[in-house]
Structure formats: structure tokens, C-alpha cells
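In what follows, a structure is listed as C-alpha cells, so that the remarks can point back to it.
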2 protein chains.
Amino acid sequence: MNKDKSTEEKIKDAARRVFTQKGYAATRTRDIAEASGVNLALLNYYFKSKENLFDIIMLENIREFSHSVLAILNNRDTSFYQKIELLAAHYIDKLIQNPEIPIFLLAEVKDNPKKLFAALDKRADFKNSIFVQQWLELKDIKKTAALNPFHIIMNMVSMIIFPFIANPMIRNRTGMNQEQFNNMMLERKKLIPVWITEMIQQK
Amino acid sequence: MNKDKSTEEKIKDAARRVFTQKGYAATRTRDIAEASGVNLALLNYYFKSKENLFDIIMLENIREFSHSVLAILNNRDTSFYQKIELLAAHYIDKLIQNPEIPIFLLAEVKDNPKKLFAALDKRADFKNSIFVQQWLELKDIKKTAALNPFHIIMNMVSMIIFPFIANPMIRNRTGMNQEQFNNMMLERKKLIPVWITEMIQQK
DNA sequence: GTCTATATACGGATAGAC
DNA sequence: GTCTATCCGTATATAGAC
């Protein structure tokens, strides 16, 4: 399986894992070489430098992330409320598989936002998404400051992603094990859309 | 002002700033020496090693954090709903002052949760807090799964902290500047308690 | 306690053989 | 394309003078 991958792919796969786990600064090119089973010199042969390899990985991460949000936010075939359910379900499932992505991504983006976002799809601007369009067409929304759709998106994203970022601290404080944590997140797959819906509906 | 601080304090202050901003691995002891205006050799004289200095800083960070939550959660003189308002207001104000703390703390904790939490106050267990006690005494709570107070705390903490962690990404995607971001968070000081209250109240 | 100078190790990168 | 050997800058840590 891994055997017939090109050397270049093997390096990228290992780099993705190691960078994600340890962050850029703490990762040694030697770690990546070992993890990929490839000779150290080949990293520079294929990718020129550690930084360049990192940039490639990060760009893919960000593109993939952005792309999958857009696919949901800009789907004309789903309703506003369906989108909320889809976002919660999709991301929680994804994050249970790859729990280290958010903290890695956000920590590294902090150091160099410009470089990393430079190549990002302009359409990723959520203000022009179908989701926001549908929001504006909704009849049952509140007439309070909470009406700002930005807050609602912010709340949803926060409630989905933050627990994964705080996972080690949560587990330490509550004594949960990883399985219990995941079950808690699966519970939230159903709860978050309910909470969000309550926030926006007129009463 | 800074002049009459002891050399040891000057180093710690600078270390706190530099570590918080760059993370452990990316921080060079030279950076701390420069930032504190202290000779490089003195770092090892006072703190033995970079790692030891880091551990001291982190422990203080975690203790301080834990202590300030507890002070609110375990106050007998405030009601349940007041605590929610106090938590939101207190943390948002604090995070506007020190926006880099959460991502730094969570990123580093991830690498070594055991060491860092070892010395933490056992009472920090929120399950035994007055806050949860007051929750259980509430009459107007929902009879749904959302009743689990853990989810409610999780939501509140998420909605407060996550925006700061995602700040660079949010600003990049929305075009907000830092002042607009802070105003948005000040808005949330009032909104979050409202949202949380709605989540838990029987309808 | 504070400094200069330096030992020592590590990590990224490359030269050059195969 | 892949390997071994190595260069070289950099970073932590310490020795030793003041």
C-alpha cells in the first residue's frame, strides 16, 4: 500500500503527520525522514527546504478546509437549517478522525497569516455565500443584535471546534477518556443545530 | 519601573512574553535575554535551563487561569445567572488584553499535559463547584440532553475563547481590523449570557 | 551577580559517489 | 534517484575572569 507510493508522496504524507503533531519549529527534517522511511537527503532533493515543504502541506490543509466549508455553504439544494445540521455533522465527524488539525492550523496561521492565506480562494468569503443569502431570506429571525449572522456562524464554529482544541485540558480536568470525549462530541452533533436554531428564531 | 525589578523577575517577564508569542520551540534563549535586557548567561544562572524556565512560566499561567475561573465558579454570593454574566465579561475583557494566551497555552499543553497539570489545584474540578450546585437547584431548566451542565460550560467557554484563537483567520476572511474584532467581542459580552440562558431555560 | 568567551550539540542543507 | 559523509550556521549551556 505505502510501498507503491512515490518517494515524493511518502515524504509529504509523513510531513503532514509530523508537522501536524509537533508544529513547524519543533519538527526536525530528520523526524520526517524517519517517519517516511526515506533518506534525509531526499527531502531537500524533492522539496528544496523544510520551509518549502511546510508551506506546501499548509496550503493543502487550508485549501481542503476552505473547500469543504464552501461546498456546504454554497450548496443551492439544501435549506438554511439543513446546512446547519450538515456543517455540524460533517465537521464533528471529520474532527474525530483528525483532532489535531485545528490547533495546528490556527497556531501556525498566527505566525504568518498573509503567506498562508495568499493563495486562498476568494470565493471563500462567507459574506457572499448562499448560506448568508438564505439567512437574509428567512422570515422567522430575531430582531435583536444576535441577528448578525456573523455571530451565529462564530458560535457554531466555536462550539464545534473548540472542544477539540481544548481536548487535553478537558480530559485532564474531567477525567474523561478519549472514547467518552468522542461520545460527548457525537451528542453535540445533534445538540448544536438545536441550540443554533433557537438562537436565531423569533419567539 | 522596570529598573528596580530583580534580574530574575526581568527574565521571567520577558520569558512570559516571548514564549507566549512564539511558543517554546521557536523561542531562543537569546530572544529572552534581549527582551529582558539581561545577559544571556544569566538565564542559566537563575533558571538552569530553557525548559525549566518554560515550565515555571507555564505553571504560573495555568495556575492563574484556573484560579480566576474558580474564584467565579465557587463564589457563594452570586447567583447562577450572575456567574454566567461574570464569566463572559471577565474573560472577554481579559482576553482582549492578552489575546495570545489561549492558543499558546492549549498548544503547549497538548505536548505535555501530564507535567503541566500535575501541580494544579485539585479543587479546580468544576463538577464540585458551587456553579454546578446552583445548576442542580435550578427549577427552570430543560428536560433534554442539553441539561448536562458540561455542555453548557463547554458552549460558554467555546464561544468566549475560540474567536480569539481564530482571530488571524477571522480577520483575514472578513477583512475586520483589530478594533472591529474587539468591538465584536464586546458585543458578545452581552450576547453570550443571553444565548446561554436560552439554552438552559424551560420553554 | 554579571560579564566574555567558548565548548558542545544539533539541525538544515549539500557535495559527490553510486 | 538514492545514498553516505560532511559542512556550517545556530542554539543551549557552561567555564572562568571580574
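Per chain, numbering begins at 1; letters A, B, ... match sequence-line order.
Per the geometry, OH belonging to Tyr45(B) stands 14 Å off P belonging to dA15(D), to the nearest Å. Atom CD in Glu9(B) sits about 13 Å away from atom P in dG1(C), given to the nearest Å. What separates CG of Asn44(B) from C1' of dA7(C) is a distance of 13 Å, to the nearest Å. Ile11(B) places its CD1 atom 8 Å from the P atom of dT2(C), with the value rounded to the nearest Å. At whole-Å resolution of the value, OH in Tyr24(A) and P in dG11(C) are 14 Å apart. Rounded to an integer number of Å, the gap from NZ of Lys22(A) to C1' of dG11(C) is 13 Å. Here the P atom of nucleotide dA13(D) and the CD1 atom of Ile32(B) are 10 Å apart, to the nearest Å. Regarding Phe47(B), its CZ atom lies at a distance of 15 Å from the P atom of dT14(D), rounded to whole Å.
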Margin query: Between Arg188(A) and Asn155(B), is the side-chain hydrogen bond (donor to acceptor under 3.5 Å, both in side chains) condition met? List the steps.
Written below: CA-CA 10 Å; Arg188(A) 289 173 76 79; Asn155(B) 291 348; 2.5 Å; yes

Margin query: Set out, in order, the CA-CA distance, both residues' side-chain angles and the distance that settles side-chain hydrogen bond (donor to acceptor under 3.5 Å, both in side chains) for Asn112(A) and Glu108(A), then state yes or no.
Written below: CA-CA 7 Å; Asn112(A) 211 335; Glu108(A) 301 290 350; over 6 Å; no

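Close to dT4(C), at under 4.0 Å from its OP1 or OP2, lies a side-chain N or O of Asn39(B). Phosphate proximity of dG11(C) to Thr29(A): absent, as no side-chain N or O sits under 4.0 Å from OP1 or OP2.
Residue-to-nucleotide contacts include a donor-acceptor pair under 3.5 Å from the side chain of Arg30(A) to the base of dG12(C).
The side chain of Tyr46(B) lies closest to dG1(C) when the candidates are dA13(D), dA13(C), dG1(C). Nearest to the side chain of Ala41(A), among dT4(D), dG12(C), dT2(C), sits dT4(D). Looking at the side chain of Leu40(A), the nearest of the listed nucleotides dA13(C), dT4(D), dG11(C) is dA13(C). You'll find that the side chain of Lys50(A) is closest to dG12(C), out of dT4(C), dG12(C), dA13(D).
When atom types are taken as modelled, the side chain of Gln133(B) and the backbone of Ile130(B) share no donor-acceptor pair closer than 3.5 angstrom.
Note: Phe19(B) and Phe104(B) fail the aromatic proximity criterion, with ring centroids not under 6.0 Å apart.
For the pair Thr78(B) and Gln134(B), the tightest heavy-atom approach, listed with the atom from each and the gap, is O-NE2, 2.9 Å.
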